[in-house]
Amino acid sequence: MRNAEIAEAMSELATLYELDGAIRYRVLAYREAARVIRQSPVSIEELARDGRATELPGIGETLQQKIVDLLDTGEIPAAAKLKAKYPASLIEVTRIPGLGAKTVRRLYDELGVSSLDDLREAAESEKIRDLKGLGARVEENVLAALARLGEEGPAERLLLSEVLPIAEQLAETLREHPASDQVTVAGSARRMAETCKDIDLIATASDPKALSAALVEHELAAQAGTAGDAGTRITTFNGVSVDLRIVAPDAYGNLLQHFTGSAKHNVELRERAVRMGLSVSEHGITEVESGDVVRYADEAEVYERLGLAYIEPELREGNGEIAAAAAGELPGLVEITDIRGDLHCHTTLSDGRNTPEEMAAAARARGYSYLAVTDHSASHGFGNHVTPEALLERVEEVAAYNASNPGRFRLLAGSEVNILPDGSLDYEPAVLQRLDWVMASVHTSFRISEKRMTERVIEALRNPHVDCIGHLTGRLIGKREPYGVDVGAVIDAAVQNRKLIEINGNPNRRDLNEGYARLAAQAGLPIVVNTDAQGVDTLSNMTYGIATARRAWLTKRDVANTRSWRELLKLRGRRS
DNA sequence: GCCGTTTTCGGCCCGACTGTTTTCAGTCG
């Protein structure tokens, strides 16, 4: 059973318990467990079968047993019992914004509302206002929420690449405004998360209202609230909602820390504060006993006051960073400026838009000392494939380029070779042998079993000509689920065969994801951060690859392409 | 239900906003 399915069962049970009036901390415990399970890079099924699920934070003996029950019988007895008590369609009603479990339970008990249809009818026939504490306004909000649900579905999360450029453009506009002092992008965009729900901008200003007005009047604003002293909110034409919060300079650090999140990180931070006799909020740090409040202009001072080293935004996910900061054991994260080359990109030979010469020029302009052109192999299946003859011509072409462009930069002849369903590659060894660098990726036959997919990739890792596995799980964020593959087993096989593995920086992929990348690094597997660029413009997707690497706690040393080409070659198993 | 450099029991983050109420519960981020 996939982690996502187990997490979904826990999350459902949390809602059922909540409807049943369980104490909130039990509900919270199940929600937290669901989050931990969903995020885990290792198989919860295997862990629970070994009785080791309790090794995860937030999972104790009770949940360990419930997971085993779920695996054995397909359901959790406690959930089955509650489902007999409350109709399954009641859970959907709790998804209406503004209606929590308490309210839904009352609607069920007092009005017999047990589905979204019942809810609509109750609101339309003005029965909700009969309940104590609820009024006509609630009916209006419910109907509006139901209408939104009907036309557009639940609010989608946007890719970081869709959000970050807008966030930076807006921040830049505000920075140029005469009334502005400091402006920073906060929230999940600052943490470089895979997806973002909205944009948070944090600012200080000599004239807050004027700065708010500048955002309201921005050409990207399709809708806008009122421009106030505390900030404002707009929605851009492509539907991204943007919150601007303006604060006095002396509390800028507190506000920035608070609105950078994540929620989990902030909760852990405040729990630590409580143990120190302190209370942390966006307004400052209060000494509980004396009631004295201290504000911090600089975010780093907030962490310092709590006895912590500064924590980079990418690490603020509640994955052990606070304990590491307390112990002085935070990793020195890899920086984009550490990157010395890109080992996965395409040219006009397959599906790219630029020639090798143009790609090389762009790579040099980025300060790289090497670039591998890795066009798709013969059986790619989407046209534009490269025959063995064409690939050998490419080898000559690359040699000629390097001969006529002496110096520090080296163009590398490579290929992104398809891994066929049986794990073989679709070029002969004699062809592969001529290449400087071989990426091997799965592009077809996704729907085989996890076992076969794992064997398929491991077979490719045994091939002496393969250097690196590309986009291992094949996911497209928000569009295509990763295919079933035992990442842990692939990591082990890669280490054994002295291969490398890629973080693909295409913002739709970010594959390996941060959880798996952290696992790979812990196993000692060298990671290559690549772009998979299809043109000179997308070589800049290194930003997203590095974001994932940093969120995976990777250091410069963990990332192979922070090395010179000569040093990098020492990491791989085959003869060069 | 989980967890432990105050605790194996008694705690478990903080504040804004909303809608309904004359002081607050519920919901959300």
Side-chain angles (χ1 to χ4, degrees), chain A residues 10-11 13-37 53-67 76 78 93-107 128-142 144-145 155 157 186-188 191 196-200 225 228 230-231 233 241 243 245 247 251 254-255 257-286 288-289 293 302 306-307 318 322-323 326-327:
Chain A
M10 291 302 155
S11 173
L13 184 51
T15 303
L16 287 166
Y17 272 136
E18 197 175 21
L19 284 167
D20 201 43
I23 60 157
R24 47 184 300 235
Y25 294 111
R26 179 196 270 180
V27 175
L28 222 57
Y30 279 93
R31 294 250 153 85
E32 173 59 13
R35 196 191 72 88
V36 167
I37 290 167
T54 52
E55 288 173 14
L56 292 171
I59 297 185
E61 289 300 337
T62 308
L63 267 85
Q64 152 74 35
Q65 186 53 48
K66 285 194 155 95
I67 295 168
I76 303 168
V93 182
T94 65
R95 301 210 176 104
I96 297 290
L99 296 188
K102 292 250 164 57
T103 311
V104 170
R105 176 64 189 275
R106 289 191 55 211
L107 291 168
I128 292 179
R129 65 184 65 178
D130 295 343
L131 270 59
K132 190 169 190 303
L134 301 181
R137 199 57 181 271
V138 175
E139 287 167 354
E140 272 175 49
N141 291 344
V142 160
R157 291 186 70 90
S188 48
R191 302 198 312 277
C196 303
K197 196 166 63 69
D198 53 20
I199 295 171
D200 287 301
R233 163 178 288 195
S241 114
D243 270 331
R245 288 187 182 80
V247 70
N254 300 102
L255 195 76
Q257 193 287 316
H258 177 84
F259 281 103
T260 297
S262 64
K264 178 83 191 315
H265 174 84
N266 285 354
V267 166
E268 286 186 15
L269 200 70
R270 290 183 205 130
E271 283 170 351
R272 176 184 174 83
V274 168
R275 289 196 296 274
M276 297 172 72
L278 302 170
S279 173
V280 172
S281 83
E282 61 265 52
H283 308 297
I285 298 183
T286 308
V288 176
E289 213 174 84
V293 182
V302 174
L306 298 171
I322 289 175

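These numbers come from the heavy atoms of this one structure, side chains and all, not from hydrogens, waters or symmetry mates.
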> In whole angstrom, what separates Y17(A)'s OH from dC2(B)'s C1'?
Replying inline: 14 Å
> On a whole-Å scale, what distance lies between the P atoms belonging to dG15(B) and dC9(B)?
Replying inline: 32 Å
>> Applying a 4.0 Å non-hydrogen cut-off, can you work out what K66(A) is touching in the nucleic acid: base, sugar-phosphate, or nothing?
In response: sugar-phosphate
> Base, sugar-phosphate, or nothing: which does I23(A) touch, judged by heavy atoms less than 4.0 Å apart?
Replying inline: base
> How is V280(A) classified with respect to the nucleic acid when contacts are heavy atoms under 4.0 Å: base, sugar-phosphate, or nothing?
Replying inline: sugar-phosphate
>> Measuring only the P atom in each nucleotide, how far is dG26(B) from dT22(B)? A whole number of Å is fine.
In response: 14 Å
> Between dC12(B) and dT18(B), how far is it from one C1' atom to the other, in whole Å?
Replying inline: 26 Å
> Sub-3.5 Å donor-acceptor pair from the side chain of R105(A) to the main-chain atoms of L19(A), do we have one?
Replying inline: yes
> Does anything in residues 272-286 of chain A pair up under salt bridge (Lys or Arg N to Asp or Glu O under 4.0 Å), and if so which pairs, sequence neighbours excluded?
Replying inline: none
>> Around atom NZ of K102(A), are there more than 12 heavy atoms from other residues, nucleotides or ligands closer than 6.0 Å?
In response: no
> Do other residues, nucleotides or ligands put more than 12 heavy atoms under 6.0 Å from R233(A) CZ?
Replying inline: no
> For residues T15(A) and R31(A), is any side-chain donor paired with an opposing acceptor at under 3.5 Å?
Replying inline: yes
> Taking atom C1' in both dT21(B) and dC17(B), what distance in whole Å separates the two?
Replying inline: 15 Å
> Can you tell me how far P in dT23(B) sits from the matching atom in dC28(B), rounded to whole Å?
Replying inline: 25 Å
>> Across nucleotides 16-29 of chain B, 5' to 3', mark each nucleotide with B, S or - according to how protein heavy atoms within less than 4.0 Å reach it.
In response: S--SS-----SSS-
>> Between P on dG1(B) and CD1 on I37(A), what's the gap in Å once rounded to a whole number?
In response: 14 Å
>> Rounding to an integer number of angstrom, what distance separates dT27(B) and dT20(B) when you compare their C1' atoms?
In response: 14 Å
> Expressed in angstrom and rounded to an integer, what is the separation of E32(A) atom CD from dC2(B) atom P?
Replying inline: 12 Å
> When the C1' atoms of dT5(B) and dG1(B) are considered, how many whole Å apart are they?
Replying inline: 24 Å
> 5'-most contact on DNA chain B: L63(A) or L278(A), nearest heavy atom basis?
Replying inline: L63(A)
>> Rounded to whole Å, please give me the gap between OH in Y30(A) and P in dC3(B).
In response: 13 Å
Taking N or O atoms only and anything under 3.5 Å, show me the protein contacts with nucleotides 5-11 of chain B, one pair per line.
none

> Looking only at atom C1', what distance separates dC2(B) and dT7(B), rounded to whole Å?
Replying inline: 13 Å
> So which nucleotide does dT8(B) pair with, by the Watson-Crick or G-U wobble rule with both distances under 3.5 Å?
Replying inline: none
> Are Y25(A) and the base of dC2(B) stacked, counting only ring centres nearer than 5.5 Å and planes tilted under 30°?
Replying inline: no
